[in-house]
Amino acid sequence: MLTMKRSRQVPIRRVKLLLVLGVLLPFLVASFTSQLLCSKLVERLLSFGSIFLFVFLIFWIVANTIRQLLEE
């Protein structure tokens with residue numbers, strides 16, 4: 001019974017960590033990069049959206065790859 005409770009709590013923590021890192025890191029990278037590259041507000045918003053999605057997808061692919069390697 002104790003092992004079942006522990007196994008349920010650990011993935012929830014990992015999922016929360018992945019979601020926080022998956023949103024926070026792309027947000028920081030996208031905001032910094034869009035401020036460096038663009039001067040107008042519309043350009044910043046468009047570049048922020050595309051950079052955010054790109055960095056989020058990269059993070060998600062790397063996180064899934066690491067997860068699969070650790071499961072094997």
Side-chain angles (χ1 to χ4, degrees):
M1 211 56 162
L2 290 174
T3 58
M4 292 177 67
K5 287 183 181 180
R6 289 181 187 167
S7 65
R8 288 183 186 169
Q9 291 176 357
V10 172
I12 292 172
R13 289 180 187 165
R14 288 181 186 168
V15 168
K16 286 181 182 179
L17 179 65
L18 282 176
L19 288 176
V20 167
L21 289 177
V23 173
L24 184 65
L25 289 177
F27 179 79
L28 292 175
V29 170
S31 63
F32 180 72
T33 307
S34 64
Q35 286 180 4
L36 286 178
L37 295 177
C38 305
S39 60
K40 296 181 182 178
L41 181 62
V42 175
E43 292 175 348
R44 282 186 189 172
L45 291 175
L46 291 174
S47 65
F48 176 83
S50 60
I51 293 170
F52 181 82
L53 288 175
F54 183 70
V55 173
F56 178 77
L57 289 175
I58 288 174
F59 175 79
W60 199 253
I61 290 169
V62 169
N64 282 332
T65 304
I66 292 172
R67 182 186 53 84
Q68 288 176 354
L69 288 174
L70 290 176
E71 285 180 354
E72 291 179 359

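What you see is a predicted model, and the numbers here were worked out from it, not measured in a lab.
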Distance, nearest 0.5 Å, that separates CZ of Phe48 from CG of Leu37: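 Those atoms lie 13.0 Å apart.
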
Ser31 side, atom OG; Phe52 side, atom CZ - distance, nearest 0.5 Å: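 Spacing of OG (Ser31) from CZ (Phe52) equals 10.0 Å.
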
Residue pairs, two or more places apart or on separate chains, that pass salt bridge (charged side-chain N to carboxylate O under 4.0 Å, His left out) and touch residues 20-41: none

Not counting sequence neighbours, list each pair that qualifies as a salt bridge (charged side-chain N to carboxylate O under 4.0 Å, His left out) and has a residue in residues 55-67. Arg67-Glu71

Hydrophobic cluster partners of Leu41 (side-chain heavy atoms under 4.5 Å):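 ILVMFWY cluster around Leu41 also holds Leu45.
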
For Val42, the rest of its hydrophobic cluster, which grows through side-chain links under 4.5 angstrom: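 Joined to Val42, directly or through intermediates: Leu46.
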
Got a sec, which residues hit side chain to side chain contact (heavy atoms under 4.5 Å, CB included) with [X], two or more places apart in sequence or on another chain?
X     : answer
Ile66 : Val62, Leu70
Leu17 : Leu21
Thr65 : Ile61, Leu69
Phe32 : Leu36

Looking at Arg44 and Gln35, what are the two nearest heavy atoms and their distance?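 Smallest heavy-atom distance, with atoms named: NE-CA, 4.3 Å.
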
Check Ile58, Ile51, Val55, Leu53 against Pro26 for a side chain to side chain contact (heavy atoms under 4.5 Å, CB included) and give me the one that passes. Val55

Residues passing the ring-ring contact (aromatic ring centres under 6.0 Å, His included) test with Phe54, sequence neighbours excluded, are none

Among all residues two or more places apart in sequence or in another chain, which pass the ring-ring contact (aromatic ring centres under 6.0 Å, His included) test with Phe59?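 With sequence neighbours excluded, Phe59 shows a ring-ring contact (aromatic ring centres under 6.0 Å, His included) to no residue whatsoever.
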
Quick check on the 6.0 Å ring-centre criterion: do Phe56 and Phe27 meet it? no

Tell me if a side-chain donor or acceptor on Thr33 pairs with a main-chain N or O of Ala30 at a distance below 3.5 Å. no

